[in-house]
Amino acid sequence: MGHLLSKEPRNRPSQKRPRCCSWCRRRRPLFRLPRRTPAKVPPQPAAPRSRDCFFRGPCMLCFIVHNPGPAGGGASPPRPPDAGCCQGPEQPPQPLYPPPSSPTSEGVPTEAGGDAVRAGGTAPSSAQQQHECGDADSQEPPENPCDCHREPPPETPDINQLPPSILLKIFSNLSLDERCLSASLVCKYWRDLCLDFQFWKQLDLSSRQQVTDELLEKIASRSQNIIEINISDCRSMSDTGVCVLAFKCPGLLRYTAYRCKQLSDTSIIAVASHCPLLQKVHVGNQDKLTDEGLKQLGSKCRELKDIHFGQCYKISDEGMIVIAKGCLKLQRIYMQENKLVTDQSVKAFAEHCPELQYVGFMGCSVTSKGVIHLTKLRNLSSLDLRHITELDNETVMEIVKRCKNLSSLNLCLNWIIND
């Protein structure tokens, strides 16, 4: 009777007849719902159903017989259906994945699935299906697995984040050229750091011909706490620039000006007058320097500890004796080729400067009579007596015996001394 109500013709090609409901014998494949889906399948648009039955719904006879309501007559208990709504054979089989929100009741075909489950067991409940779907959702891998575990890239370290004291310590290892011509051109912050006063306490301007009186004046005006300056081999400046520097930097402690032949007593007198705390004066190879400048040093710079007047040919015993009597804290003295310096200067230093540790009279007009006075210096550690023509073996042996701290003795170019 089912085939009478159906519009589908009876003549069909022979094929394996899947089991169906015993009343309608519709040829619909039997599908089994998998117990657990390994992964969530992306939703697909529902294909339009092809209804071949009368009234565009389930088989009329199936509906009447399997309905447990009063339409079934109540004569016999309802049998569990083996198939749901009718589908045409030309429809490709679709896997059944009932949505979690649609409840499935026992004995009634689900509207989303269509066919009932016949596998010797009961169909999974909606709660179990929701749990399984939730597990499948939780097991779904992300689109890019690296995104969920990727850490944000670290911030690029910036040297300007260091404290200024650390940056100043780093810049202190740079030379004057590196600070002024390289580091100060990076940014304004670095320029200000390079102009910090601590970098302008000790200036080495040696062998720079661009150093003029105007430059010295600008440097002294910007940083008045200079404690050390070296202007050796700077030939473009004069006594005027040194006088301005000495006037604006009264805390100067160390002054070096080798081979500045254009400088005279004016510069050394200005330094001695305005810088009473001076401790080091190295002005070797200045032809214009005389005893007048040395007298000012000896009378006004009582803290002198280190002097160098080598190859200043106009210096004599007159100026050296004033320094020896006025600078009692002297520790180092070096003279070279000063032909006007004799035994009197050596004797004056040996008597008035007991703290002397380094003494050098290379090529001076000194004899054994003056050198023998150096045995009074108990702290003497280094002695330079090169190119002294009138020096004998007995004087040398006496110095070695009495000066217990002597560690260096230079006797080169002394032809009288033997082994």
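Reckoned from all heavy atoms, side chains included, excluding hydrogens, waters and symmetry mates.
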Working to the nearest 0.5 angstrom, can you tell me the gap between [X] [atom1] and [Y] [atom2]?
X      : Y      : atom1 : atom2 : result
Arg302 : Leu297 : CZ    : CG    : 11.5 Å
Asn173 : Arg179 : CG    : CZ    : 9.5 Å
Leu391 : Ile417 : CG    : CD1   : 4.5 Å
Tyr334 : Gln336 : OH    : CD    : 3.5 Å
Ile226 : Ile219 : CD1   : CD1   : 6.5 Å
Ser316 : Lys339 : OG    : NZ    : 15.0 Å

Report the residues that fulfil side chain to side chain donor-acceptor pair (under 3.5 Å) with Ser381, sequence neighbours left out, ordered by chain and then residue number.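 Partners of Ser381 by the side chain to side chain donor-acceptor pair (under 3.5 Å) criterion come out as none, since no residue qualifies.
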For [X] and [Y], indicate whether the former's side chain and the latter's backbone hold a donor-acceptor pair under 3.5 Å.
X      : Y      : result
Asp239 : Ser264 : yes
Asp233 : Arg259 : no
Gln357 : Arg332 : no
Ser267 : Leu263 : no
Gln286 : Ala257 : yes
Asn414 : Leu411 : yes
Ser345 : Val341 : no
Thr342 : Val366 : no
Asn230 : Ser232 : yes
Asp265 : Glu292 : no

Open item on the list: Show, in sequence, the C-alpha distance, side-chain angles and deciding distance for Gln331 and Tyr358, and conclude whether the side chain to side chain contact (heavy atoms under 4.5 Å, CB included) test is met.
Closed with: CA-CA 6 Å; Gln331 297 178 1; Tyr358 180 90; over 6 Å; no
Would you mind reporting whether [Y] and [X] have side-chain heavy atoms less than 4.5 Å apart?
X      : Y      : answer
Thr290 : Ile315 : no
Asp158 : Gln161 : yes
Met320 : Leu294 : yes
Asn379 : Leu356 : no
Phe309 : Ile307 : yes
Trp200 : Ile229 : no
Asp392 : Thr395 : yes
Leu216 : Val244 : no

Would you call the rings of Phe199 and Phe171 parallel, tilted or perpendicular, where under 30° means parallel and over 60° means perpendicular?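 Tilted, since the angle between the ring planes falls between 30° and 60°.
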Does atom NZ of Lys169 have more than 12 heavy-atom neighbours from other groups under 6.0 Å away?
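Counting neighbours around NZ of Lys169, 12 or fewer heavy atoms of other residues, nucleotides or ligands fall under 6.0 Å, so no.
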* Asked: Is the number of heavy atoms from other residues, nucleotides or ligands within 6.0 Å of NZ (Lys347) greater than 12?
  -> no
[X] and [Y]: which non-hydrogen atoms are nearest, and at how many Å?
X      : Y      : result
Asp287 : Lys261 : OD2-NZ, 3.5 Å
Val371 : Leu385 : CG1-CD1, 3.8 Å
Cys194 : Ser184 : SG-N, 3.7 Å
Cys403 : Thr375 : SG-CA, 4.0 Å
Cys180 : Leu185 : O-CG, 4.4 Å
Cys260 : Ile231 : SG-O, 3.2 Å

* Asked: With no hydrogens and no angle check, do the side chains of Ser206 and Asp204 hold a donor and an acceptor under 3.5 Å apart?
  ->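 Judged by distance alone, the side chains do pair up.
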Next item on the list: Could you please spell out the steps behind the side chain to side chain contact (heavy atoms under 4.5 Å, CB included) verdict for Leu409 and Val396?
Entry: CA-CA 9 Å; Leu409 178 60; Val396 174; 4.0 Å; yes
Do NZ/NE/NH1/NH2 and the carboxylate oxygens of [X] and [Y] come within less than 4.0 Å?
X      : Y      : value
Arg402 : Glu398 : yes
Lys369 : Asp343 : no
Lys280 : Asp306 : no
Lys305 : Glu355 : no

- Task: Kindly indicate, with the supporting measurements, whether the criterion side chain to side chain contact (heavy atoms under 4.5 Å, CB included) is fulfilled by Ile268 and Val281.
- Result: CA-CA 9 Å; Ile268 198 68; Val281 177; 3.9 Å; yes
Check each of Thr212, Leu215, Asp213 against Ser236 using the side chain to side chain contact (heavy atoms under 4.5 Å, CB included) test, and report the only one that passes.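 Only one of Thr212, Leu215, Asp213 forms a side chain to side chain contact (heavy atoms under 4.5 Å, CB included) with Ser236, namely Thr212.
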So the ring pair (Phe, Tyr, Trp, His ring centres under 6.0 Å) pairs with at least one residue in residues 235-264 (sequence neighbours excluded) are Phe247-His274, Tyr258-His282, Tyr258-His308
**Asked** Run the side chain to side chain contact (heavy atoms under 4.5 Å, CB included) check on Asn160 and Trp190 step by step: do they pass?
**Response** CA-CA 9 Å; Asn160 289 337; Trp190 283 26; 2.7 Å; yes
Q. side-chain contact (heavy atoms from CB on, under 4.5 Å) with Gln210: which residues, sequence neighbours excluded?
A.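 Listed in chain order: Arg208.
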